[in-house]
2 protein chains.
Amino acid sequence: MKRRPTEESTGNLGFALLGLLARRRSTGYELARRMERPVGYFWSAHHGQIYPELARLEARGFVRHTVVEGAGPRPTKRYAVTAAGRKALREWVVGELEPQPVRDLETLRLWNIWLVEPGAALELVQKLRQDHAARLAAYESELAEVRDSPEAHDPRNPMFASRLTLEGGVRSRRAALEWCDWMREQLESAMHDQTSAH
Amino acid sequence: MKRRPTEESTGNLGFALLGLLARRRSTGYELARRMERPVGYFWSAHHGQIYPELARLEARGFVRHTVVEGAGPRPTKRYAVTAAGRKALREWVVGELEPQPVRDLETLRLWNIWLVEPGAALELVQKLRQDHAARLAAYESELAEVRDSPEAHDPRNPMFASRLTLEGGVRSRRAALEWCDWMREQLESAMHDQTSAH
DNA sequence: GCTTCATATGTCAATATTGACATATGAAGC
DNA sequence: GCTTCATATGTCAATATTGACATATGAAGC
């Protein structure tokens with residue numbers, strides 16, 4: 001059986017890059033940095049993955065590049081999304097919701113805390129709580145920057161979508177913080193019951 | 001340079017399998033089904049990944065198998081976690097929190113909804129809301145089954161950990177539902193403003 | 001003048017994941 | 001008797017991801 005030379009469908013990383021480029025044209029290097037923040041909040045990729053994916057997107061006609069002056073040892077390429085790329089992204093956004101594989105290390109850890117002493121479990125919960133609190137603070141400060149601008153209230157402006165996703169991040173981290181506090185109470189009362197039973 | 005014949009560190013799938021086996025010994029087939037539910041709520045893997053991973057865990061001494069009667073064309077193997085495997089899992093549970101790569105397709109879609117008409121965006125939000133509502137119902141019914149049992153209040157019992165993770169699922173899905181309702185309001189009021197501006 | 005760092009683009013080996021293919025048995029329903 | 005399905009374990013090719021290696025420039029600080 002012959003294999004076709006790639007070109008099937010755009011993977012999810014491709015849509016992340018198209019979404020980035022639909023907001024602003026960028027070089028691969030800039031995309032890698034924008035992928036850390038803000039897109040890194042919901043999608044992550046290294047530059048080692050980004051450069052080949054850009055080449056694939058270009059082969060499919062979804063992006064095109066122009067060479068600009070830059071500091072690297074090779075020509076610096078600035079990419080922009082094409083009409084076809086924008087269309088593909090739009091169609092994906094409202095397309096079928098396919099079940100995505102779940103990879104939630106935090107919950108996997110907690111599902112196994114019965115194996116360790118309640119004191120160690122409590123420490124883990126407190127560490128997780130700190131992480132959530134730090135993320136919440138970052139989201140809140142970013143949200144404060146966009147919340148009141150008129151663009152963030154125009155549903156066809158990228159800032160509108162940024163506002164919605166940041167709001168979701170804030171809400172989910174607040175819920176996680178409350179969950180951590182609830183878990184702490186559960187562990188503490190269980191430890192207390194154990195002690196007083198003696 | 002020679003490559004060592006695997007055996008470095010257990011991947012995350014390995015810990016998911018060890019956690020499953022620490023609760024109850026199982027065949028690979030049973031693990032694949034238990035991986036769908038309940039572990040599938042926070043970690044997923046196909047049987048094509050599970051069988052090779054079991055072999056690697058066995059090579060490292062973390063699990064061992066006995067052959068039992070079964071229906072398949074090959075001998076059916078029942079795996080159990082060893083003391084070394086249990087220790088490795090315990091150490092991982094309270095070990096360093098490494099930043100995990102994020103892959104959140106739902107947020108990636110929403111981050112791009114400015115590209116589509118508000119009406120289509122609204123439809124997407126409603127579809128996402130339905131998904132969250134269905135998941136919430138599943139978590140709530142599972143939580144109701146364990147919540148009141150005494151084992152679920154003993155921090156060294158697996159049911160305790162199940163209860164904590166289910167509670168987290170319920171809380172996060174409730175927050176997501178509220179977020180969806182909030183997004184609907186945002187979209188509807190933006191659409192209304194647009195109409196009345198004419 | 002020298003070191004360090006941000007800029008900049010790429011490749012490659014190792015590993016992880018997906019989805020299909022392969023195969024065989026026993027039980028249930030028709 | 002035949003079909004279908006759950007049981008059961010595995011392999012393999014394609015794809016995705018990670019992390020390291022490679023390389024070169026200009027600016028800043030010493």
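Here is the naming used below: chain letters follow the sequence lines, and residue numbers restart at 1 for every chain. Owing to the predicted nature of the structure, the values given are computational and were not obtained by experimental measurement.
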Q: Let me know the distance between CG of B/L54 and P of D/dT11, rounded to the nearest Å.
A: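 From B/L54 CG to D/dT11 P: 12 Å.
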Q: Would you please say whether a donor-acceptor pair under 3.5 Å links the side chains of A/R23 and A/S162?
A: yes
Q: Considering only distance and modelled atom types, tabulate donor-acceptor pairs under 3.5 Å from the side chains of residues 111-126 of chain B, sequence neighbours left out.
A:
| unit_1 | atom_1 | unit_2 | atom_2 | d |
| --- | --- | --- | --- | --- |
| B/N112 | ND2 | B/L108 | O | 3.0 |

Q: For A/D131, what residues pass the salt bridge (charged side-chain N to carboxylate O under 4.0 Å, His left out) criterion, not counting sequence neighbours?
A: none
Q: Report the secondary structure of DNA chain C in dot-bracket form, marking unpaired bases with a dot and bases paired to a different strand with |, and treating Watson-Crick or G-U pairs with both distances under 3.5 Å as paired.
A: ||||||||||||||||||||||||||||||
Q: Name all residues meeting the ring-ring contact (aromatic ring centres under 6.0 Å, His included) criterion together with A/W92; count only those two or more places apart in sequence or in a different chain, and write none if there are none.
A: A/F15
Q: Taking salt bridge (charged side-chain N to carboxylate O under 4.0 Å, His left out) as the definition, give me every residue that meets it alongside A/E145, ordered by chain and number, with sequence neighbours left out.
A: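 Per chain and number, A/E145 pairs via salt bridge (charged side-chain N to carboxylate O under 4.0 Å, His left out) with no residue.
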Q: Could you list the residues that satisfy ring-ring contact (aromatic ring centres under 6.0 Å, His included) with B/W179, not counting sequence neighbours?
A: none
Q: C/dT9 P sits how many Å from A/M35 CE, rounded?
A: 14 Å
Q: Applying salt bridge (charged side-chain N to carboxylate O under 4.0 Å, His left out) as the test, list every pair that has at least one member in residues 29-42 of chain B; sequence neighbours left out.
A: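 Residue pairs passing salt bridge (charged side-chain N to carboxylate O under 4.0 Å, His left out), neighbours aside: B/R37-B/E142.
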Q: Where do N or O atoms of nucleotides 4-7 of chain C meet protein N or O atoms at under 3.5 Å, pair by pair?
A:
| unit_1 | atom_1 | unit_2 | atom_2 | d |
| --- | --- | --- | --- | --- |
| C/dT7 | OP1 | A/R33 | NH1 | 3.2 |
| C/dT7 | OP2 | A/Y29 | OH | 3.1 |

Q: Nearest whole Å is fine: how far is D/dA27 P from A/E69 CD?
A: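 Answer to the nearest Å: 13 Å.
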Q: Output the residues of residues 96-107 of chain B in contact with DNA chain D, where contact means a heavy atom of the residue under 4.0 Å from an atom of the strand; sort by number or write none.
A: B/P101, B/R103
Q: Do you know the tightest heavy-atom contact between A/W43 and A/A16?
A: CD1-CB, 4.0 Å
Q: How close or far is atom P of D/dT9 from atom CG of B/L17, stated in whole angstroms?
A: 13 Å
Q: Could you check how far CG of B/L31 sits from P of D/dA8, rounded to whole Å?
A: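 For the pair B/L31 CG and D/dA8 P, the rounded distance is 12 Å.
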Q: When you measure from the side chain of B/T27, which nucleotide among C/dG10, D/dG10, D/dT9 comes out closest?
A: D/dT9
Q: So among B/R174, B/R173, B/R135, which one has a side chain to side chain donor-acceptor pair (under 3.5 Å) with B/E140?
A: B/R174
Q: Would you kindly give the CZ-to-P distance between B/R74 and C/dT23, to the nearest whole Å?
A: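 So the two atoms are 10 Å apart, to the nearest Å.
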Q: What integer distance in Å separates B/R56:CZ from D/dT11:C1'?
A: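 Checked: the CZ to C1' distance equals 13 Å.
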Q: Could you list the residues that satisfy ring-ring contact (aromatic ring centres under 6.0 Å, His included) with A/H65, not counting sequence neighbours?
A: A/Y79
Q: Does anything in residues 66-92 of chain B form a salt bridge (charged side-chain N to carboxylate O under 4.0 Å, His left out)? List the pairs, not counting sequence neighbours.
A: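 Every salt bridge (charged side-chain N to carboxylate O under 4.0 Å, His left out) pair that includes a residue of residues 66-92 of chain B, provided the two are not neighbours, is B/K87-B/E91.
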Q: One pair to check against side chain to side chain contact (heavy atoms under 4.5 Å, CB included): B/E178 and A/R171. What are the steps and the verdict?
A: CA-CA 9 Å; B/E178 284 165 23; A/R171 284 166 181 262; 3.8 Å; yes
Q: In residues 42-53 of chain A, which residues come under 4.0 Å of DNA chain D by heavy atom?
A: A/H46, A/Q49
Q: Do A/R109 and A/E106 meet the salt-bridge criterion of a basic N to acidic O distance under 4.0 Å?
A: no
